[in-house]
Amino acid sequence: MNRQTTHITQEQIAAQLAYCARLHAANTALDHTPLAMVDTYGCQQNEADSERLRGYLSQMGYGFTEDPFQADVIVINTCAIREHAEQRVLGNVGALTHSKRSNPGQIICLCGCMAQEEHVARKIKESYRQVDLLFGPHALWRFPELLWRVRTGGRRVFAQEEEPGSIAEGIPAVRQGGVKAWVSVMYGCNNFCSYCIVPYVRGRERSREPQAILDEIRALAAGGCRDITLLGQNVNSYGKDLSQPMSFAALLKQAAAIEGEFLLRFMTSHPKDASQELFETMAASEKIAPCLHLPFQSGNNRVLSAMNRRYTREKYLEQVRALRALMPDIVLTSDVIVGFPGETTEEFEDTLSLIEAVGFDALFTFIYSPRAGTPAAALPDPMGREEKLANFQRLVRRQDEISEAKHKAYIGRTLRCLVDGRDEHGLTGRTPGNRLVRLEGAEELIGRFIPVHITGANKWSLSGRPALEEGPEG
Ligand code: 5AD
Ligand code: SF4
């Protein structure tokens, strides 16, 4: 197969914007402003994709709603990482028969990772006839044309290009994050961890040109964005495929040199590629948040090898040591899978002992979910659900204690936090290491970095009060 990245040209994007203009004209002729609803599942990459779908929809003249009964167009941006996520989407798509019955002209679109899966597409075609348009991540840049075909052709449209992947610059975006934003630096994944569907639905690794990324960050910073997360399935292999290869650490260094008051974060890092150069770059810049999401998946070497992770427990622990030698206060988070096919309870104990040895600030814990077409789905899986669940609960309980103890250690400190929004309990903020802080204070503080005196903590979050008179420690 040809593994070359397809670069979508500016002419091709202009042609899509011309479809937006046609749809805009059709929408202007209506007696009401048509509304669109974009419902996003899964990871931040999907959130970033939804910002572009909203960008296109906005150019077509749609307003936005979160009520399916008000919507003329519904776009469901799906996640395929675990079966549970898929079941939720299918349940919600099933329920849309009601909104469609009350508004027969309603257009329902399903996109994202699930849409790229063969068996899902078949199921939607046959059993979910309320879905008018289905397209995978590779076809997102052509959404205006596809929607135009549905609106004018009166037929269902299915677009699931099988391709190694493309890069499209210049798609408009409507950002929702307020003071936060995501910037994709690359797409796809080459790692083929044996349990994971991502490489099959998102294609091969391909990096955006550094100039395009840096321009985007510059514009965000100038527009008041304070917290910018660089996104990729494995950011540490950024740049290997560029005509002038560059490392992720080098990109990060250039991004950190951009003027403005903002913090840079990034995810996800694969332990096989996280480098000393990266750690040194993080330690050297105040603009790079002192936190790292470094998924370990399992603490047992046999399981790691069966997962095709290509590092050992020892190498992982060595990386944590090297990182902490440079940044003793680094906030470390990770992903872990319990119940991988063939994992014994004895092997699972190695996962428990690894979280003990590292002391993560937070952990994202998952029970293994077989994904059709991945190598792990074909492995014998003798352990019963109950034993997996018992192991999972032991892990969660222990991590809860560790997280709570880590959080309690913040009490009495004053940290420079970004006030990033408000919810029903009051203002919310983030420590430099991205821990959630609840605080009292006026709305005007949103978007500002302020010193916060930490007064309380539980396993999920911290609480505190603005300490504008004190200034942060250090
Ligand atoms: N089952 C359970 N968890 C999975 N993940 C990825 N694939 C699966 C699967 N098939 C988890 C990994 C990954 C996170 C995003 O989701 O821990 O890091
Ligand atoms: Fe999936 Fe592994 Fe790629 Fe992450 S690195 S997206 S877990 S295949």
Side-chain angles (χ1 to χ4, degrees), residues 41-49 78-88 112-114 116-117 119-120 137 164-165 182 184-207 229 231-238 240-241 248 266-274 292-300 303-311 316 332-343 348 351 354-355 360 362-379 381 383 385 388-389 391-392 395-396 399:
Y41 294 79
C43 65
Q44 290 174 332
Q45 182 56 57
N46 263 15
E47 296 286 352
D49 285 349
T78 65
C79 169
I81 200 106
R82 282 171 292 274
E83 192 178 353
H84 177 71
E86 292 201 356
Q87 292 307 338
R88 257 179 68 213
C113 292
M114 268 174 84
Q116 195 68 35
E117 289 181 286
H119 71 275
V120 172
W182 298 291
S184 299
V185 300
M186 60 189 300
Y187 305 98
C189 182
N190 287 355
N191 290 318
F192 290 94
C193 299
S194 64
Y195 50 81
C196 186
I197 192 81
V198 168
Y200 303 89
V201 291
R202 288 220 171 244
R204 296 292 66 73
E205 278 173 4
R206 50 216 189 268
S207 306
T229 304
L231 288 181
Q233 302 298 340
N234 175 17
V235 289
N236 301 113
S237 49
Y238 172 79
K240 289 183 181 155
D241 58 322
F248 179 64
F266 54 92
M267 66 186 302
T268 294
S269 292
H270 193 306
K272 85 177 161 56
D273 304 313
L292 186 69
H293 185 63
L294 193 65
F296 72 94
Q297 312 296 2
S298 164
N300 176 270
V303 176
L304 283 172
S305 162
M307 286 176 163
N308 192 30
R309 291 290 289 178
R310 289 173 280 169
Y311 55 85
Y316 187 89
L332 266 177
T333 55
S334 196
D335 293 345
V336 55
I337 298 177
V338 175
F340 182 80
E343 181 186 62
F348 163 76
T351 290
L354 190 140
I355 70 158
F360 293 103
L363 201 56
F364 299 88
T365 45
F366 306 104
I367 292 191
Y368 170 73
S369 169
R371 306 285 60 214
T374 60
L379 292 174
D381 192 2
M383 190 185 280
R385 174 99 193 146
K388 288 190 182 188
L389 210 56
N391 287 342
F392 178 77
L395 181 71
V396 172
Q399 181 58 44

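Whatever order the structure lists ligands and atoms in, that order sets their numbers, starting from 1.
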K.L.:
Hey, is there an N, O or S on C196 sitting under 2.8 Å from atom 1 (Fe) of ligand 2?
P.N.:
yes
K.L.:
V120 and E86: side chain to side chain contact (heavy atoms under 4.5 Å, CB included), yes or no, with the steps?
P.N.:
CA-CA 9 Å; V120 172; E86 292 201 356; 4.1 Å; yes
K.L.:
Are T229 and W182 close enough that some pair of their side-chain heavy atoms sits under 4.5 Å apart?
P.N.:
yes
K.L.:
Using a 4.0 Å cut-off to any heavy atom of Q297, which atoms of ligand 1 qualify?
P.N.:
12 (C), 13 (C), 17 (O), 18 (O)
K.L.:
For ligand 1, note which part of Y195 has a heavy atom under 4.0 Å away: side chain, backbone, both or neither.
P.N.:
both
K.L.:
Once rounded to the nearest 0.5 Å, what's the spacing between atom NE2 of H270 and atom SG of C193?
P.N.:
4.5 Å
K.L.:
What protein heavy atom sits nearest atom 2 (C) of ligand 1, and how far away is it?
P.N.:
I367 O, 3.4 Å
K.L.:
So which bit of C189 gets within less than 4.0 Å of ligand 2, heavy atoms only: side chain, backbone, both or neither?
P.N.:
side chain
K.L.:
Exactly one of F340, F366, Y195, Y316 should register a side chain to side chain contact (heavy atoms under 4.5 Å, CB included) with Q297. Which one does?
P.N.:
Y195
K.L.:
Can you measure from CG (D49) to CZ (R202) and round to the nearest 0.5 angstrom?
P.N.:
5.0 Å
K.L.:
Under 4.0 Å from ligand 2, counting heavy atoms only, is it the side chain of V198, its backbone, both or neither?
P.N.:
side chain
K.L.:
Considering non-hydrogen atoms of the protein only, which is the closest contact for atom 2 (Fe) of ligand 2, and what is the distance?
P.N.:
C193 SG, 2.3 Å
K.L.:
With atoms numbered from 1 as shown, which atoms in ligand 1 lie under 4.0 angstrom from a non-hydrogen atom of I81?
P.N.:
5 (N), 6 (C), 7 (N), 8 (C), 9 (C), 10 (N), 16 (O)
K.L.:
Examine ligand 2 and decide if any of its atoms is less than 4.0 Å from a heavy atom belonging to R202.
P.N.:
no
K.L.:
At a 4.0 Å threshold, what atoms of ligand 1 neighbour a non-hydrogen atom of R371?
P.N.:
10 (N)
K.L.:
What distance separates R82 CZ from C196 SG, expressed to the nearest 0.5 Å?
P.N.:
9.5 Å
K.L.:
Is it the side chain, the backbone, both or neither of P199 that has a heavy atom closer than 4.0 Å to ligand 2?
P.N.:
side chain
K.L.:
Could you list the atoms of ligand 1 found under 4.0 angstrom from a heavy atom of S369?
P.N.:
1 (N), 2 (C), 9 (C), 10 (N)
K.L.:
Looking at every heavy atom in both Y200 and P375, which two are closest together, and how far apart are they?
P.N.:
OH-CD, 3.6 Å
K.L.:
Using only heavy-atom distances, determine whether the side chains of H293 and T268 contain a donor-acceptor pair under 3.5 Å.
P.N.:
no
K.L.:
With heavy atoms under 4.0 Å as the rule, classify the contact between Y195 and ligand 2 as side chain, backbone, both or neither.
P.N.:
side chain
K.L.:
So R310 and N308, do their side chains get closer than 4.5 Å, heavy atoms only?
P.N.:
yes
K.L.:
Check each atom of ligand 2 against the heavy atoms of H270 and keep those under 4.0 Å away; list them by number with element.
P.N.:
5 (S)
K.L.:
Which residue holds the protein heavy atom closest to atom 3 (N) of ligand 1, what is that atom called, and what is the gap in Å?
P.N.:
R82 NH1, 3.4 Å
K.L.:
Do P199 and Q233 come close enough that some side-chain heavy atom pair is under 4.5 Å?
P.N.:
no
K.L.:
Which ligand 2 atoms does F192 reach within 4.0 Å, using its non-hydrogen atoms?
P.N.:
8 (S)
K.L.:
Going by the atom numbers of ligand 1, which of them fall below 4.0 Å from some non-hydrogen atom of I337?
P.N.:
3 (N), 4 (C), 5 (N), 12 (C), 17 (O)
K.L.:
Is a side-chain donor-acceptor pair under 3.5 Å present for N236 with S269?
P.N.:
yes
K.L.:
Note the single closest protein heavy atom to atom 5 (S) of ligand 2, along with its residue, its atom name and the distance in Å.
P.N.:
N191 ND2, 3.4 Å
K.L.:
Let's go through D241 and S207 carefully: what are the C-alpha distance in whole Å and the side-chain angles of both, what is the deciding distance for side chain to side chain donor-acceptor pair (under 3.5 Å) to 0.1 Å, and is it a yes or a no?
P.N.:
CA-CA 7 Å; D241 58 322; S207 306; 2.5 Å; yes
K.L.:
What protein heavy atom lies closest to atom 4 (Fe) of ligand 2? Include the residue and the distance to one decimal.
P.N.:
Q233 O, 4.4 Å
K.L.:
For the residue pair R88 and Y41, would you count it as a cation-pi contact if the rule is NZ or CZ under 6.0 angstrom from the ring centre and within 45 degrees of the ring axis?
P.N.:
no
K.L.:
Would you mind finding which of T365, D335, V338 brings a heavy atom closest to atom 18 (O) of ligand 1?
P.N.:
D335
K.L.:
Counting only nitrogen or oxygen atoms and a 3.5 angstrom limit, does Y368 reach ligand 1?
P.N.:
no
K.L.:
Would you kindly specify which portion of R309 sits under 4.0 Å from ligand 2, judged on non-hydrogen atoms: side chain, backbone, both or neither?
P.N.:
side chain
K.L.:
Counting heavy atoms only, which part of V198 comes closer than 4.0 Å to ligand 1: side chain, backbone, both or neither?
P.N.:
neither
K.L.:
Test L363 against every option in V396, V336, D335, L332 by the side chain to side chain contact (heavy atoms under 4.5 Å, CB included) rule and name the one that passes.
P.N.:
V336
